2 protein chains.
Amino acid sequence: MRTTFHQELETIDEKLIGMTQLVQSAMGRATTALLEADDVTAREVISDDNTVDALRREIDEHILRVLATQQPVAGDLRTLVAGLRMDRDLERMGDLARHIAEIAAEDAPRDAVPIQLHGIVHSMNRVALHLAEQVKEAIAFRDRESAAELEREDDEMDTLHAALYKELLASALPMQTALDLALLGRYYERYADHAVAIAESVRFEAAASA
Amino acid sequence: MRTTFHQELETIDEKLIGMTQLVQSAMGRATTALLEADDVTAREVISDDNTVDALRREIDEHILRVLATQQPVAGDLRTLVAGLRMDRDLERMGDLARHIAEIAAEDAPRDAVPIQLHGIVHSMNRVALHLAEQVKEAIAFRDRESAAELEREDDEMDTLHAALYKELLASALPMQTALDLALLGRYYERYADHAVAIAESVRFEAAASA
C-alpha cells in the first residue's frame with residue numbers, strides 16, 4: 001500500500017517536472033520569437049500552451065484520485081496539496097510565456113523590442129530559464145536549499161525589471177512600443193514570481209516532513 | 001460525523017466569503033485613493049493586505065485539518081480542494097488591489113490618473129466590485145448560474161481594458177503616467193480574471209456533485 005502510494009507520488013513529480021520543462025521551453029522560444037520577430041515560432045508557442053493546460057488538468061485529476069483512494073495524512077497529504085499549488089503556478093508560467101509570444105506574433109515582422117533594449121530582455125529571459133531549471137531541481141530533490149537560491153535569483157529579475165522601466169522613462173519610444181515593453185517586463189517578472197511560489201510550496205511541504 | 005463535517009464546510013465558506021468582502025473593500029478603497037490622490041487611504045489598503053494574507057493561511061490550514069481528520073471522498077473532497085484554489089485567487093485579488101494603492105501612494109498628492117480617464121477607471125472599479133459581489137453569492141449558494149453571469153461581466157472588463165489601451169495610444173500623456181495606467185489597467189483586468197477563476201472552481205465542484 002505505502003509502496004503504491006510512493007510510486008504515485010513519483011509519477012506525479014515526474015509530470016510536474018515535465019510540465020516545468022514545457023513552460024521553460026515555451027519561455028525560451030517566446031523570447032527568441034520576440035527578439036527575432038519570428039512569427040512561426042511565436043504561433044507554435046501559442047498553440048503549444050494547450051498541452052500545458054491539458055497536463056495541468058491531468059495532474060489535478062491524478063492528485064484528486066490519490067487523495068480519494070489513499071486518504072493520506074500529515075506529510076503525505078501536504079505533498080499532494082503542494083502538487084495542486086505547483087501545477088497551478090506552472091500553468092500561469094505557461095500563460096505568461098504565451099502572452100510574450102502573442103506580443104511577438106502581433107508585431108512581427110516588425111521588431112517589438114528596439115535594438116537598444118535587446119540586452120535587457122535577453123537577461124530577463126536568461127534569469128527566467130535558470131529559475132525554471134531550479135524549479136525542476138527543487139521538485140526532483142524536494143530541496144529546500146535550491147528553493148532559497150531561487151528567491152535570491154528572483155531579486156535579480158526585479159532589478160532587471162526596474163532597469164527596464166527606467167530605460168522606458170528615459171527613452172523617446174513610440175507609445176505603443178513603450179506600453180508593450182511595460183507589459184513584457186511585467187510578464188517576465190510574474191514568471192519569476194510563480195517560480196518562487198513553487199519554491200515556497202516545496203518548503204511548505206518540507207516544513208511538514210521535517 | 002457527517003454533521004460535524006458539514007459544519008466545518010460552512011465555517012470554511014464563511015471565511016472565504018469574509019475574505020471576498022475584504023478584497024472587495026480593498027479594491028473600492030484603492031480606487032478612491034487613486035482617483036482622489038488620497039495618500040492616507042492608500043496606505044491603509046496596503047497595510048490591510050496583511051489581514052488578507054493571514055486569512056488565506058488560516059483557511060489553508062483549516063482545509064488541511066479537515067482533509068486529514070475527515071478523509072472525505074468524491075464531492076466533499078472536491079469542495080475542499082476548490083477551497084484551496086479559491087483562497088489563492090482571493091489572495092491575488094488582494095495583492096492587485098494593493099498594487100493599485102501602491103501606485104496611488106507613490107503619486108500622491110499628484111493625481112495618477114488624468115481627469116479625462118477618470119470615467120474609464122471608475123467603470124473598471126464598478127465592474128470589479130460587482131464581480132466580487134457575485135463571487136460572494138457564488139460561494140454562498142454554490143451557484144452555477146451566477147458563475148456563468150460572472151464570466152459575461154468579465155467580458156465587460158476586457159472591453160474597458162481595451163478602450164483604456166486605445167486611449168493611451170491616442171493620448172499625448174507623459175511616459176510615466178502612460179506606463180502607470182497600462183499597469184493599472186492590467187491590475188483591474190487580472191482582478192476580474194481571478195474572480196472568474198473562482199467561478200470556475202465553484203463549477204468544478206458542482207460538476208462533481210451533479
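If you're wondering where the values come from, they're calculated on a predicted model, not measured in any experiment. In the text below, chain A, chain B and the rest are named by the order of the sequence lines, each starting its count at 1.
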Review point. Of all the residues in residues 82-95 of chain A, which have a heavy atom that comes within less than 4.5 Å of a heavy atom in chain B?
Key: A/Leu84, A/Arg85, A/Arg88, A/Asp89, A/Arg92
Point to revise | Contacting moiety of A/Leu183, where chain B heavy atoms sit under 4.5 Å | key: side chain
Review point. How close do A/Val73 and B/Ala68 get, heavy atom to heavy atom, and via which atoms?
Key: CG1-O, 3.6 Å
Check your understanding: So, A/Arg186 and B/Glu189, do they make that salt bridge, N to O below 4.0 Å?
Key -> no
Exercise for review: Using side chain to side chain contact (heavy atoms under 4.5 Å, CB included) as the criterion, point out the one residue from B/Leu80, B/Leu64, B/Val81, B/Ile63 that pairs with A/Val81.
Suggested key: B/Leu64
Check your understanding: Is it the side chain or the backbone of B/Ala197 that comes within 4.5 Å of chain A heavy atoms, both, or neither?
Key -> side chain
**Study point:** Pairs meeting criterion side-chain hydrogen bond (donor to acceptor under 3.5 Å, both in side chains) with involvement of residues 170-183 of chain B, two or more places apart
**Key:** A/Tyr165-B/Asp180
Study note, to complete from the structure: A/Leu179 and B/Ala182 have their tightest heavy-atom pair at CD2-CB, 3.7 Å
Review point. Quick check: are there more than 12 heavy atoms from other residues, nucleotides or ligands sitting under 6.0 Å from NE2 of B/His118?
Key: yes
Practice item. Counting only heavy atoms closer than 4.5 Å, note whether A/Arg65 contacts chain B via side chain, backbone, both or neither. Key: neither
Review point. At a heavy-atom separation under 4.5 Å, does B/Arg190 approach chain A through its side chain, its backbone, both, or neither?
Key: side chain
